[in-house]
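Okay, structure first, notes after.
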Amino acid sequence: MKIAVTGAKGMLASVLARRLTTLGHTVLPLDLPEQDLLQFTAVKNYLRAAAPDFIYNCAAFTNVDLCESEPEKARAVNALAAGNLAELAAELDIPILQISTDYVFSGAASKPYLPDEPTAPLSVYGQTKAEGERLVQKTPKFFIVRTAWLYGHNGKNFVETLLKLAQTNAALKVVDDQRGAPTFVDDLVEVLILFLTCRDYGIYHFTNSGETTWYGFTREFFDLLNIAVPVQPCATAEFPRPARRPAYSVLDLRKTQETFALKIPAWQDAIRRYIKGR
Ligand SMILES: NC(=O)c1ccc[n+]([C@@H]2O[C@H](COP(=O)([O-])OP(=O)(O)OC[C@H]3O[C@@H](n4cnc5c(N)ncnc54)[C@H](OP(=O)(O)O)[C@@H]3O)[C@@H](O)[C@H]2O)c1
């Protein structure tokens with residue numbers, strides 16, 4: 001198949017594009033500076049001429065705190081550009097898969113969020129991603145895959161940040177009052193590929209299975225790597241950030257699990273594989 005992948009240099013899309021190529025697909029990569037998704041007409045013309053069979057929209061303005069001070073740019077990239085791609089997908093009568101986020105939810109729940117639960121984002125990032133979801137739903141052949149707490153080999157992520165901090169600090173504090181599910185990019189990519197042949201359009205969730213806090217996640221990979229730097233749990237309030245984060249953003253995975261008859265790897269298993277591959 002001929003497959004357009006946006007945000008192709010990013011943490012998720014770079015792995016996705018490489019895997020699709022390995023599987024024999026032709027990938028049309030779109031990323032800055034060559035293809036700016038905000039050049040709506042140019043992007044449409046480029047894709048009309050290239051005539052892809054499927055679009056993965058992985059591009060986003062992902063700096064959650066910076067989105068608070070640049071809401072117009074956040075809306076343009078996370079919402080309007082997604083809407084533009086969905087319009088084109090409708091015109092070409094092809095499926096589009098939009099990557100979205102647990103941050104579309106408020107975090108007030110105490111059990112995993114189902115795909116069809118109402119969204120109530122707390123941040124500009126979450127609001128603009130939720131608007132992107134609504135715009136993408138205007139085309140009949142849409143998939144929205146919400147994921148969370150991504151880490152992978154090709155990008156800045158929480159794991160690498162903490163490992164760097166451990167080299168320069170005698171002790172660390174990590175927040176212990178946000179619950180979610182860390183997700184290894186490689187595991188997400190394997191599932192994203194299954195959507196190429198899926199016809200059950202709609203909203204799906206994928207993370208690694210289980211749940212933890214950022215503190216619990218840190219403890220696990222520090223123990224695995226025998227890092228002796230003491231880690232103390234702390235409250236989000238101790239580290240004020242511009243954007244509010246959901247306190248509880250575990251996603252219910254059953255729809256994805258059942259659709260593809262999957263056994264989703266636990267986050268503890270995923271972090272072991274990530275570390276082996278470093
Ligand atoms: N990271 C997470 O923890 C997480 C959690 C849940 C959901 N997600 C979602 O997962 C997807 C992939 O995230 P990621 O972590 O792989 O993000 P990433 O590494 O920041 O990749 C996003 C890519 O999109 C590009 N991009 C931004 N604006 C663009 C534009 N106008 N035109 C073309 N490309 C543009 C970025 O380029 P620049 O770097 O040059 O801006 C970057 O290469 C996103 O939809 C994100 O919302 C991420």
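The residues of the chain are indexed from 1 along the displayed sequence. Counting starts at 1 for both ligands and their atoms, in listed order. Side-chain atoms are counted along with the backbone in the values below, which use heavy atoms only and exclude waters and symmetry mates.
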**Numbering as shown, the atoms of ligand 1 that approach Q35 to under 4.0 Å (heavy-atom distance)** = 32 (N), 33 (C)

**Prompt:** With only distance considered, is L12 within less than 3.5 Å of ligand 1 through an N or O on each side?
**Reply:** yes

**Item:** Sidechain-backbone polar pair: T183 side chain, A148 backbone, donor-acceptor under 3.5 Å
**Value:** yes

**Asked** Any sub-3.5 Å donor-acceptor pair from R146's side-chain atoms to P115's backbone N or O?
**Response** yes

**Prompt:** Applying the 4.5 Å side-chain criterion to the ILVMFWY set and letting contacts propagate, would L12 and Y151 be lumped into a single cluster?
**Reply:** no

**Message:** Using a plain distance cutoff, I'd like to know if L30 has any nitrogen or oxygen under 3.5 Å from a nitrogen or oxygen of ligand 1.
**Reply:** no

**Request:** Considering the heavy atoms of I99, write down every atom of ligand 1 situated less than 4.0 Å from one of them.
**Result:** 9 (C), 10 (O), 11 (C), 45 (O)

**Request:** Below 4.0 angstrom from a heavy atom of L38, which ligand 1 atoms are there? Numbered from 1 as shown, please.
**Result:** 31 (N)

**Asked** Mind checking whether G155 has a heavy atom under 4.0 Å from ligand 1?
**Response** no

**Request:** State whether the shortest distance between N or O atoms of T147 and N or O atoms of ligand 1 falls below 3.5 angstrom.
**Result:** no

**Request:** Specify the protein heavy atom at minimum distance from atom 34 (N) of ligand 1: its residue, its atom name, and the distance to 0.1 Å.
**Result:** D31 OD1, 3.4 Å

**Message:** If we set the cut-off at 4.0 Å for heavy atoms, which region of L150 has an atom near ligand 1: side chain, backbone, both, or neither?
**Reply:** both

**Asked** Should K129 be counted as touching ligand 1, given the test is an N or O pair under 3.5 Å?
**Response** yes

**Message:** Heavy atoms only: which of G7, P33, A8, G152 lies closest to atom 23 (C) of ligand 1?
**Reply:** G7

**Prompt:** Does the N or O separation between K9 and ligand 1 drop below 3.5 Å for any pair?
**Reply:** no

**S100 touching ligand 1 at heavy-atom level, < 4.0 angstrom** = yes

**Request:** State if T6 counts as touching ligand 1 under the rule of any non-hydrogen atom under 4.0 Å.
**Result:** no

**Prompt:** Considering distance alone, does some N or O of D36 sit under 3.5 Å from an N or O of ligand 1?
**Reply:** yes

**Fill in**
Counting heavy atoms under 4.0 Å, the part of Y125 that contacts ligand 1 is side chain

